[in-house]
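Down below is the structure, laid out as structure tokens.
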Amino acid sequence: AQSVTQPDIHITVSEGASLELRCNYSYGATPYLFWYVQSPGQGLQLLLKYFSGDTLVQGIKGFEAEFKRSQSSFNLRKPSVHWSDAAEYFCAVGGRPEGGKLIFGQGTELSVKP
Amino acid sequence: DAGVIQSPRHEVTEMGQEVTLRCKPISGHNSLFWYRQTMMRGLELLIYFNNNVPIDDSGMPEDRFSAKMPNASFSTLKIQPSEPRDSAVYFCASSSSKQGGQPQHFGDGTRLSIL
């Protein structure tokens with residue numbers, strides 16, 4: 001079955017520290033992968049996407065993610081976290097079998113310590 | 001460019017009342033999605049449309065929920081009668097392809113409270 005797992009429900013990092021949020025997927029076809037961010041009271045905003053090609057993709061707000069097919073992973077990284085990065089982060093997978101539908105992970109809540 | 005527009009932003013009503021949530025997708029997008037978000041269940045896909053036609057409504061919780069898309073620029077999600085357990089944030093999203101690969105763009109949501 002198609003699924004997305006975000007193993008960490010909640011992560012706390014210090015401001016200025018590096019960040020890695022984990023995402024593992026199970027998908028039978030070529031996956032399209034996405035990371036979204038949700039700030040309190042807001043909708044989900046697209047951070048970055050992977051369709052094909054270079055497995056390291058750059059997104060907005062200084063985020064990047066690396067697609068590793070052998071590990072079925074698409075982890076999100078940022079070298080130096082800012083207090084404004086505190087939010088919930090969602091990984092999602094889609095593809096031709098799903099049509100336009102995306103399968104979302106349960107989300108990881110990020111807290112940033114001063 | 002205007003994003004996905006949802007109205008109202010907040011709705012508080014008593015149980016048993018009819019609730020109608022509205023969504024205007026991004027112009028040119030041909031797929032529209034309705035989601036519900038709660039602390040307990042996270043983000044759930046309720047239904048999605050492609051070219052105004054419902055494709056998958058397997059996420060609609062029960063017959064009290066219905067959704068329509070009369071044209072490419074408007075959709076509604078209706079709950080009748082509403083119950084307290086329907087309290088949640090409801091999101092609408094749109095995208096430009098039914099074949100996958102295109103990101104969904106989300107509105108800011110409607111926060112629904114049923115008393």
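Order of the sequence lines sets the chain letters (A, B, ...), proteins ahead of strands, with each chain counted from 1. Nothing here was measured: the structure is a model prediction, and the numbers come from that model.
Within the 4.5 Å cutoff, no side-chain heavy atoms of A/Q45 are placed close to those of B/F106. Annotation: side chain of A/Q38 is in contact with side chain of B/Q37 (closest heavy-atom distance under 4.5 Å). B/P103 has its side chain out of reach of A/Y32: every pair of non-hydrogen atoms, C-beta onward, lies at least 4.5 Å apart.
Annotation: the span from A/L44 atom CG to B/Q104 atom CD amounts to 9.5 Å, rounded to 0.5 Å.
B/R9 touches chain A through its side chain: at least one heavy atom from C-beta onward sits under 4.5 Å away, while N, CA, C and O do not. Contacts between A/F90 and chain B at a heavy-atom distance below 4.5 Å involve the side chain alone, from C-beta outward. With a threshold of 4.5 angstrom between heavy atoms, A/Q106 approaches chain B through side-chain atoms but not through N, CA, C or O.
Of all heavy-atom pairs spanning A/K101 and B/Y48, the tightest one is CD-CE2, 3.6 Å.
Both A/V112 and A/L19 are assigned to one and the same hydrophobic cluster, defined by single-linkage of ILVMFWY side chains at heavy-atom distances under 4.5 Å. Both B/M69 and B/I79 are members of a single hydrophobic cluster when ILVMFWY side chains are connected at heavy-atom separations under 4.5 Å. A/L110 is connected to A/V37 through a chain of hydrophobic side-chain contacts under 4.5 Å among Ile, Leu, Val, Met, Phe, Trp and Tyr, so both are in one cluster. Under a hydrophobic-cluster definition in which Ile, Leu, Val, Met, Phe, Trp and Tyr are linked whenever side-chain heavy atoms come within less than 4.5 Å, directly or via other members, B/F33 and B/I55 are assigned to the same cluster. Hydrophobic clustering (side-chain heavy atoms under 4.5 Å, transitive across Ile, Leu, Val, Met, Phe, Trp, Tyr) keeps A/Y89 apart from A/L56.
Applying the ring-ring contact (aromatic ring centres under 6.0 Å, His included) test to A/Y25 and every residue at least two apart in sequence or in another chain returns nothing.
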